[in-house]
There are 2 protein chains.
Amino acid sequence: MISISRETDYACRVILHLGMLPVGQRVTAQEIARQRIVPRALIRRVVTRLGAAKLVTTTRGSGGGLALARPASEISLRDVVEAMEGAIALNTCVIYPRECPLVKACPVHEAWTNARVALVRELSQATFDKLAARGQMLGA
Amino acid sequence: MISISRETDYACRVILHLGMLPVGQRVTAQEIARQRIVPRALIRRVVTRLGAAKLVTTTRGSGGGLALARPASEISLRDVVEAMEGAIALNTCVIYPRECPLVKACPVHEAWTNARVALVRELSQATFDKLAARGQMLGA
DNA sequence: TACAATGAGACTAGAATAGTATCATTTGGA
DNA sequence: TCCAAATGATACTATTCTAGTCTCATTGTA
Ligand code: SF4
Ligand code: SF4
């Protein structure tokens, strides 16, 4: 089954949670873990990666926590997936064409490239302002 | 990196090879392995799965080999991927919504569903008659 | 200083991946 | 009839990935 990892899904929950808060408000990772049913010990890795990808800013110490590093409208599902999984490739040759000796005469390579473009486009347009707004509706 | 497995790629090579042959002509798995640079021992598993998915027909014994089970125009990249990987899910909740307790109020779930539709559409339209024709061009 | 929070990373168990190797079965032809 | 050619079905290994737990260091606030 071709799918993202569990951690990536957790990362989406974190960003969504932050996106649904009033702008600039901080919340601790533990609080998100509790509300979004993420294993407590796992959320640390997720937050670290999201921080490294500059999607969230973190503050240590008491009263610290996380917040989005930029407006939710400028963070898409694509950004989160790429931060967690690395590139969205579909097939390795899309990212590393050198590694396949058949690539020059391979029509399938082109098909994967096209599919990747379609997928990335779709994920790029799923920005977290839209998702958060939709989440408010569903939650109410 | 979100990607198909190596075996799935090999499966595409097999189907493409068969699609580029004159209709009905049989060829042995070993011959495909040699021409398309697939490990000899691995191609057996690939062919078995493609046979189980009714994408190819096989004949044992000397003079045997493989051929497409239906016209190349009726086999798409989607069929091959699903035969090898199982469902194209992108996220488990797209296939097994019951397993996530958040699914009812989750806007991200809808986004994954939309992305899946776009990806499957793209892969479905990549039929192997088109790919084979393009392959003839590239190879010439 | 005490405490609350993140940062970094070691560790485990289990599953998936990629590839190799055997042996059985079927079939056509010498 | 018997051999060789071909697929069918597994078993096996080594490696990497996944999901999750745990511990300790670092930072910042009160
Ligand atoms: S055979 Fe074609 S699709 Fe497969 S890895 Fe090579 S270039 Fe890509
Ligand atoms: S949190 Fe949403 S996207 Fe993630 S698995 Fe649950 S329903 Fe799917």
Side-chain angles (χ1 to χ4, degrees), chain A residues 1-14 18 25-34 36-69 81 84-87 89 91-93 99-100, chain B residues 1-14 18 25-34 36-69 81 84-87 89 91-93 99-100:
Chain A
M1 194 182 70
I2 178 169
S3 166
I4 59 169
S5 73
R6 207 111 200 81
E7 270 188 37
T8 301
D9 186 71
Y10 293 150
C12 295
R13 300 187 196 188
V14 169
L18 294 173
Q25 181 167 338
R26 286 193 179 276
V27 63
T28 70
Q30 292 311 314
E31 182 61 18
I32 299 178
R34 201 175 56 74
R36 302 282 173 171
I37 319 182
V38 179
R40 296 196 178 173
L42 246 183
I43 203 161
R44 331 259 39 256
R45 271 214 301 265
V46 172
V47 167
T48 301
R49 294 205 72 153
L50 292 175
K54 302 230 163 81
L55 295 180
V56 303
T57 59
T58 58
T59 320
R60 290 178 168 192
S62 87
L66 333 175
L68 294 183
V81 172
M84 298 300 294
E85 306 261 348
N91 198 348
T92 55
C93 62
E99 290 187 10
C100 180
Chain B
M1 194 182 68
I2 179 168
S3 167
I4 59 170
S5 73
R6 208 114 198 79
E7 272 188 36
T8 300
D9 186 69
Y10 293 151
C12 295
R13 300 186 196 188
V14 169
L18 293 173
Q25 182 168 337
R26 286 193 178 278
V27 64
T28 69
Q30 292 311 314
E31 181 62 16
I32 300 178
R34 203 175 53 75
R36 301 283 173 171
I37 320 182
V38 179
R40 295 193 180 176
L42 247 182
I43 203 162
R44 331 260 34 257
R45 272 213 301 263
V46 172
V47 167
T48 302
R49 295 206 71 153
L50 292 175
K54 304 231 162 78
L55 295 180
V56 303
T57 59
T58 59
T59 319
R60 289 180 169 191
S62 84
L66 332 175
L68 294 183
V81 172
M84 298 300 294
E85 304 262 350
N91 197 348
T92 55
C93 63
E99 289 186 11
C100 180

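Below, read A as the first sequence line, B as the second, and so on, with proteins coming before strands; counting in each chain starts at 1.
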**Q** Distance check, rounded to the nearest 0.5 Å: B:Y10 atom OH versus B:R49 atom CZ?
**A**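 The OH atom of B:Y10 sits 16.0 Å away from the CZ atom of B:R49.
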**Q** Roughly how far apart are B:L18 CG and B:Q25 CD, rounded to 0.5 Å?
**A**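 Between B:L18 CG and B:Q25 CD, I get 10.0 Å after rounding to 0.5 Å.
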**Q** For B:S5, does its backbone N or O pair with a side-chain atom of B:E85 as donor and acceptor, under 3.5 Å?
**A**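 At least one qualifying donor-acceptor pair exists.
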**Q** With rounding to the nearest 0.5 Å, note down the distance linking CZ in B:R13 to CD1 in B:I32.
**A**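 CD1 of B:I32 is found 12.0 Å from CZ of B:R13.
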**Q** Within this structure, what is the CD1-to-C1' distance between B:I2 and C:dA16, rounded to whole angstrom?
**A**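 The distance from CD1 of B:I2 to C1' of C:dA16 comes to 15 Å, rounded to the nearest Å.
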**Q** To the nearest 0.5 Å, how far apart are CG in B:D9 and CD in B:E7?
**A**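 Reported to 0.5 Å precision, the distance equals 11.0 Å.
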**Q** Can you tell me the distance, in whole Å, between the CZ atom of B:R26 and the P atom of D:dT7?
**A**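 Distance check: B:R26 CZ to D:dT7 P gives 10 Å.
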**Q** Under 4.0 Å, heavy atom to any atom of DNA chain C: which of residues 49-59 of chain A qualify?
**A**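 Those residues are A:T58, A:T59.
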**Q** Look up atom CG in A:L68 and atom OG1 in A:T57, then write down how far apart they are to the nearest 0.5 Å.
**A**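 Between atom CG of A:L68 and atom OG1 of A:T57 there are 8.0 Å.
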**Q** About how many Å separate CG of B:N91 and CZ of A:R6, when rounded to the nearest 0.5 Å?
**A**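 CG of B:N91 is found 7.5 Å from CZ of A:R6.
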**Q** Go nucleotide by nucleotide along DNA chain D from the 5' end; which of A:G61 and B:S62 gets its closest nucleotide reached first?
**A**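 Whichever sits nearer the 5' end wins; that is B:S62.
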**Q** Could you give the CG-to-C1' distance, from A:L66 to C:dG7, as a whole number of Å?
**A**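 After rounding, the reported distance stands at 13 Å.
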**Q** Measure CD/B:Q30 against P/D:dG8 and give the value in whole Å, please.
**A**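 Whole-Å distance recorded here is 12 Å.
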**Q** Nearest whole Å is fine: how far is C:dT6 C1' from A:I32 CD1?
**A**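 Going from A:I32 (CD1) to C:dT6 (C1'), I get 13 Å.
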**Q** What verdict does the side-chain contact (heavy atoms from CB on, under 4.5 Å) test give for A:Q30 and A:I43, after you've listed the backbone C-alpha separation in whole Å, the side-chain angles of each residue and the deciding distance to 0.1 Å?
**A** CA-CA 8 Å; A:Q30 292 311 314; A:I43 203 161; 4.2 Å; yes
**Q** Sugar-phosphate means primed atoms, P, OP1 and OP2; the rest is base. With that split, encode nucleotides 10-26 of chain D 5' to 3' as B, S or - using protein heavy atoms under 4.0 Å.
**A** -B-------BBBB---B
